[in-house]
Amino acid sequence: MAPANRAAWITAERAVPLEVKESEYVAPTDNEIVVKVHAIALNPVDFARQLMGAKLFPWTKYPTVFGTDVAGEVVEVGAKATNRYKVGDRVIGLGNGLETSRPADGAFQEYVVLREDLTSLIPDNLEYEQASVIPLGLATAAAGLFQADQLALDLPTAPARPPKGETVLIWSGASSVGSNAVQLAVAAGYEVISTSSPKNFDYVKKLGASQVFDYNSPSVVADIVAAFNGKKSAGAYAIGFTAAQPVIDIVSQLTNGPKHVAVSNQPPAELPEGVTAKMAFVGGLKATPVGPAIFNEFVPKGLADGTFVAAPPPKVVGQGLESIQGGLDTLRAGGLSATKLVIKL
Ligand SMILES: NC(=O)c1ccc[n+]([C@@H]2O[C@H](COP(=O)([O-])OP(=O)(O)OC[C@H]3O[C@@H](n4cnc5c(N)ncnc54)[C@H](OP(=O)(O)O)[C@@H]3O)[C@@H](O)[C@H]2O)c1
C-alpha cells in the first residue's frame, strides 16, 4: 500500500502562507525515483515564485508544491531507471516542479518524485541537512560552467583534473551557486578567481579559489583585470542580481581567451563588442549529458574522496513542513552570508 504523504501546498497564485495538508503519493515511472525527504534546503526562487506569481514560471498551475532541494532515502525506483539505486540508498536530488508544475515533483513534501539523472548518492557520514544544500546551487553552477552554449569547460573529475593553465572568474563565490561553481571549476582543472565579502575570503579560498576580491571595493574591476595579467581566461560566471555588469566590464578588458559570460540572472541588453552573455538555465541540464555527468558521476565520487564538499553550510531553521513558510520569510528578510537555510523533516 502506498504510504500517506503530506505537502506544503501553495493553493493559488501568490498565496501566503503555504498550507500543509495531505498529498497523493505518486509512484515513479520511467527513470524516476521516489525519495522519502529528510531535509529540504530553501532558495531565493522559492519565495520569489510565491510572491511574484505569474512573473516567474508563468506556466505554473495551482494548487501545486514548490521546492527544489532535497536529501532523503530512496523508497521506490521506476521501471526504466538504471540499476544505480536501491531502496534505502541515501541521496540528494533536484525537484523538477519548476518545470513540470506537477505537485509530485516539488520538494516541499514527505515523498517527492525525482528524475534519476539529477540525483546523487551521498556518503553515510554526510548528514541529510548538510547534503540538502547542494542540488539547485550545483545544477545552476553546472549549467553555466559546462553546457555547450555557455562556458563549455571540461567536466570535473574526482580526484581533480591536473591544472589546465586557464583561469575562470566566478563572481560571488560565497553564494550557494558560487560555492558549487568554485569547486566544480577547480575539479575540472581551472584556476578560479572569485569575489565575496572580506569575511568570506578564507571560505572561498578553502573551496579552491586562488584569489578572492571584495566585490564592494571601488577598484574591484581594475584589480581583477590586473589579476588576469599573463593568464589565459576561460570566461566568467556572473552570479547574483548585480553581478553581470562588473563581470562584463572585466571580461571586455581581457585579451587572452574567450569573452563569454554565463549569468545567473538576466544579462543587460547592451554588451561591449566581442562579449557574449547568456543566462544559465537549470532546465537545460535535462536535455544534455551535463546533468548526469555532474549529478550521477562526479558528485558521489567527489563527496566520497573530498574533491567536492556540501557548501555553503546549512542553518537548520525548523523541523517539519509547517516550518517552511517561516524559513522562506527568514530567507526573504536577507542578510544571510555563506549559509543556506534548511528544514528537517
Ligand atoms: N538561473 C538559474 O537557474 C538560477 C538558479 C538559482 C539561483 N539563481 C540566481 O543566482 C544568484 C545566486 O543565488 P544563490 O541561491 O546562490 O544566492 P545566495 O546563496 O542567497 O547568495 C548569498 C551570497 O551572495 C553574496 N552576495 C550578495 N551580494 C553580492 C554582490 N553584490 N556581489 C557578489 N556577491 C554578493 C553574499 O556574499 P558575501 O556574504 O560574501 O557578501 C552572500 O553570501 C541569485 O541572483 C539567484 O537569483 C539563478
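Note that the coordinates shown come from a computational prediction; the quantities given were computed from them, not determined experimentally. Just follow the structure's listing: the first ligand is 1, and inside any ligand the first atom is 1.
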What residue and heavy atom of the protein are closest to atom 5 (C) of ligand 1, and at what distance?
T140 OG1, 3.1 Å
Give me the nearest non-hydrogen protein atom to atom 12 (C) of ligand 1 as residue plus atom name, then the distance to 0.1 Å.
I239 CG2, 3.7 Å
Atom CD in E99, atom CG in L94: separation rounded to 0.5 Å?
9.0 Å
Should you measure from each heavy atom of V282, which atoms of ligand 1 turn up under 4.0 Å away?
3 (O)
Drop me the distance from I92's CD1 to L121's CG, to the nearest 0.5 angstrom.
9.5 Å
If you compare S197, P312, S264, G137 by their heavy atoms, the one closest to atom 38 (P) of ligand 1 turns out to be S197
If you measure from each heavy atom of N265 to ligand 1, is any distance below 4.0 Å?
yes
More than 12 heavy atoms of other residues, nucleotides or ligands under 6.0 Å from CG of D202: is that the case?
no
Pick one of side chain, backbone, both or neither for how V45 approaches ligand 1, counting any non-hydrogen atom pair under 4.0 Å.
neither
What atoms in ligand 1 come closer than 4.0 Å to a heavy atom of S337?
38 (P), 39 (O), 43 (O)
Within the supplied structure, the quantity of interest is the number of heavy atoms (other residues, nucleotides, ligands) at a distance under 6.0 Å from E13 CD; does it exceed 12?
yes
Honestly, for A338 the part within reach of ligand 1 (heavy atoms, under 4.0 Å) is backbone
Report yes if the side chains of Y128 and V37 come closer than 4.5 Å at any heavy-atom pair, otherwise no.
no
CG (N229) with more than 12 external heavy atoms under 6.0 Å
no
Measuring centre to centre across the rings, with the benzene-like ring taken for any Trp, is Y25 within less than 6.0 Å of Y111?
yes
With backbone taken as N, CA, C and O and side chain as the heavy atoms from C-beta onward, which portion of V177 lies under 4.0 Å from ligand 1: side chain, backbone, both, or neither?
both
Which option, G334, A41, S176, owns the non-hydrogen atom nearest atom 18 (P) of ligand 1?
S176
Among non-hydrogen protein atoms, atom 21 (O) of ligand 1 lies closest to S175 CB, 3.4 Å
If you measure from each non-hydrogen atom of M279 to ligand 1, which part falls under 4.0 Å: side chain, backbone, both or neither?
side chain
In ligand 1, the atoms that come under 4.0 Å of a heavy atom of N200 are 38 (P), 39 (O), 40 (O)
Does ligand 1 have any atom that is closer than 4.0 Å to a heavy atom of A243?
no
Checking a contact table here: which protein heavy atom is nearest atom 42 (C) of ligand 1, and how many Å away?
L336 O, 3.9 Å
Ligand 1 versus A280, non-hydrogen atoms closer than 4.0 Å: side chain, backbone, both, neither?
backbone
Under the criterion side chain to side chain donor-acceptor pair (under 3.5 Å), I'd like the reasoning laid out for S172 against Y237: C-alpha separation, chi angles, the key distance, then a yes or no.
CA-CA 9 Å; S172 195; Y237 198 165; over 6 Å; no
Go through ligand 1 atom by atom and flag the ones less than 4.0 Å from a non-hydrogen atom of L136.
6 (C)
Which part of T339 is near ligand 1, with near meaning a heavy atom under 4.0 Å away: side chain, backbone, both or neither?
neither
Interfacing atoms of ligand 1 (cut-off 4.0 Å, heavy-atom, T242):
31 (N)
Do D149 and Q147 make a side-chain contact, defined as non-hydrogen atoms from C-beta onward lying under 4.5 Å apart?
yes
Against heavy atoms of P44, which atoms of ligand 1 measure under 4.0 Å?
15 (O)
Under 4.0 Å from a heavy atom of S196: give me the atoms of ligand 1 that qualify, with their elements.
40 (O)
In sequence, state the C-alpha distance, the side-chain angles, and the governing distance for S233 and N256, and then conclude on side chain to side chain donor-acceptor pair (under 3.5 Å).
CA-CA 6 Å; S233 160; N256 189 5; over 6 Å; no
To which of F281, F241, Y215, Y203 does the heavy atom nearest atom 33 (C) of ligand 1 belong?
Y215
Sub-4.0 Å atoms of ligand 1 with respect to non-hydrogen atoms of G240
11 (C), 45 (O)
